[in-house]
Amino acid sequence: MQALSLHMSKTAMGASQKDFESAMNQVKLLKKDPGNEVKLKLYALYKQTTEGPCNTPRPGVFDLINKAKWDAWNALGNLPKETARQNYVDLVSDLSSSDSSSQVKPEADRKQPGYETLVVTSEDSITKIMMNRPAKKNALTIQMYREIMLALEAASKDDSTIIVLTGNGDYYSSGNDLMNFMNIPPGEMEKEAKNGAILLRDFVGCFIDFPKPLVAVINGPAIGISVTILGLFDLVYASDRATFHTPFTHLGQSPEGCSSYTFPKIMGQAKAAEMLMFGKKLTAREACAQGLVTEVFPDSTFQKEVWTRLKAYSKLPRNTLHISKQSIRNLEKEKLHAVNAEENSVLQERWLSDECINAVMSFLSRKAKL
Ligand SMILES: CCCCC/C=C/CC(=O)SCCNC(=O)CCNC(=O)[C@H](O)C(C)(C)COP(=O)(O)OP(=O)(O)OC[C@H]1O[C@@H](n2cnc3c(N)ncnc32)[C@H](O)[C@@H]1OP(=O)(O)O
């Protein structure tokens, strides 16, 4: 896509309003995501054509996506509307021919830039967010929580139909990175616990509010928070190598990710207590029998079968799918946010307890593993 450049009008007469409208329709039919840079160009040309030069205030520094859009539009300066329309039509024409002629690119070429702990790709109307710390079993660092939130925020606004969270390597995720509890200066424990609880509230809040179908592709063992948030997903597909483990009591911690509410609802009080209070590790088949997992696949064919299924689902009518998701979720949103707030305030205290500090120190000093 980088090679695509805006060039002079291909049609001597200039593009008409009808050409412009037909180009807008063509954009929706592109099979491959053209990437953020090209999408920004399209956005800018569309705005310049329909509204003329940008004269709105620049969005604030934290509004990353709208700021990037504003910058792209503003960069067109006083480009006349007719020229912008022509450039839009020409760009779409280039994209359409490249879309139909080019081969599928390797994942490295489709990777969205800007993430250090994730690999985020979009293809076939599916945005895949892959946790990418395989050497650390995809343990979630503070940066990773933040990047997942950013990736979800971007995916909620991109043109994908389905969003997938998965892990790279042999683990899905080993949960919270216990190093997050390290290097806290003396006297700062309470402040750090409070900051951690705020980050966790926002992280879980993104899953509660996420507007599109969210699918977990569980490629291997899952621990802690990577398990508890599964109650907020729409589909959970698991390899038969996956396990599901929430060893909170062993770690001096308490359930989060709204699991204190979603797990009893999904699997019943007694099974939820066995997992969340007593730390029972479930196999993928057990988790499926208890309703936490949608379907289990043999590990040898897991990726092939799951992605074939998801590609078929991604062709379903997009808006209807999103509306259905929202009407299912909206009934529960208020309750889920209240549960999230309550769980985090309990956890904030737990993090300061001797039981929690001792458990983390045991792991870090190599005395204990799950
Ligand atoms: C903002 C804060 C929000 C907080 C939200 C709270 C969430 C609660 C939870 O998520 S609780 C769950 C916490 N997770 C754990 O307790 C898992 C700890 N890890 C283990 O027990 C083991 O590592 C294992 C069972 C996952 C894997 O064992 P294995 O022997 O197969 O592999 P290694 O132990 O050698 O692991 C390879 C390297 O990865 C490091 N690592 C793995 N998991 C974590 C982790 N959760 N935190 C920190 N580091 C982790 C491990 O230390 C090895 O590193 P090394 O190669 O440098 O030694």
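Hydrogens, waters and symmetry mates play no part in the numbers below; they use all other heavy atoms, side chains included. Start at 1 and go down the list; that is how both ligands and their atoms are numbered.
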- Item | Nitrogen or oxygen of Ile225 less than 3.5 angstrom from that of ligand 1 | yes

- Task: Return the orientation label for the Tyr46 and Tyr88 ring planes: parallel under 30°, perpendicular over 60°, tilted otherwise.
- Result: tilted

- Message: Check this for me: does any side-chain nitrogen of one of Asp209 and Arg329 sit under 4.0 Å from a carboxylate oxygen of the other?
- Response: no

- Query: Hey, is Lys81 close enough to Glu51 for a salt bridge, meaning N to O under 4.0 Å?
  - Reply: no

- Relative to ligand 1, is Trp351 under 4.0 angstrom through side chain, backbone, both or neither, heavy atoms considered? side chain

- atom 14 (N) of ligand 1: which of Pro134, Ser173, Ser174 has the nearest heavy atom? Ser174

- Message: Between Arg58 and Asp71 (salt bridge meaning N to carboxylate O under 4.0 Å), is one present in this structure?
- Response: yes

- Query: Charged N to carboxylate O below 4.0 Å: is that the case for Lys335 and Glu332?
  - Reply: no

- Any N/O pair Leu178/ligand 1 closer than 3.5 Å: yes

- Item | Carboxylate-amine/guanidinium proximity below 4.0 Å for Lys311 and Glu123 | no

- Query: Numbering the atoms of ligand 1 from 1, which are under 4.0 Å from a heavy atom of Asn176?
  - Reply: 2 (C), 3 (C), 4 (C), 6 (C), 7 (C), 8 (C), 9 (C), 10 (O), 13 (C), 14 (N), 45 (C), 46 (N), 47 (N)

- Just which atoms of ligand 1 are under 4.0 Å from any heavy atom in Gly175? 10 (O)

- Which bit of Ser226 gets closer than 4.0 Å to ligand 1, counting heavy atoms only: side chain, backbone, both or neither? neither

- Message: Is Ala135 close enough to touch ligand 1? Criterion: a residue heavy atom under 4.0 Å from a ligand atom.
- Response: yes

- With a 4.0 Å cut-off, would you call Lys136 and Asp177 a salt bridge? no

- How about Thr117 and Gln143: does a side-chain donor come under 3.5 Å of a side-chain acceptor? no

- Query: Can you list the ligand 1 atoms lying under 4.0 Å from a non-hydrogen atom of Tyr145?
  - Reply: 1 (C), 3 (C), 4 (C), 5 (C)

- At under 4.0 Å between heavy atoms, which part of Phe363 makes contact with ligand 1: side chain, backbone, both or neither? side chain

- Message: Considering both backbone and side-chain atoms of Asn180, is one of its nitrogen or oxygen atoms within less than 3.5 Å of a nitrogen or oxygen in ligand 1?
- Response: no

- Heavy atom of Tyr171 under 4.0 Å from ligand 1? yes

- Taking only non-hydrogen atoms of Ala139 and a 4.0 Å limit, the atoms of ligand 1 in range are 44 (C), 45 (C), 46 (N), 47 (N)

- Distance-only donor-acceptor check, side chains Ser122 and Gln112, under 3.5 Å: yes

- Classify the contact between Leu140 and ligand 1 as side chain, backbone, both or neither, using a heavy-atom distance cut-off of under 4.0 Å. neither

- Which ligand 1 atoms, with their elements, are less than 4.0 angstrom from a heavy-atom of Gly196? 1 (C)

- Nearest option to atom 8 (C) of ligand 1, as decided by whichever heavy atom of Glu256, Lys137, Arg146, Arg350 sits closest: Glu256

- Can you pull the ring pair (Phe, Tyr, Trp, His ring centres under 6.0 Å) pairs that have at least one residue in residues 195-246, sequence neighbours excluded? Tyr145-Phe203, Phe203-Phe207, Phe207-Phe233, Tyr237-Phe297

- Looking at Glu153 and Lys157, does any basic side-chain N land under 4.0 Å from a carboxylate oxygen? yes

- Note on the structure: Leu199 heavy atoms within 4.0 Å reach ligand 1 at atoms 1 (C)

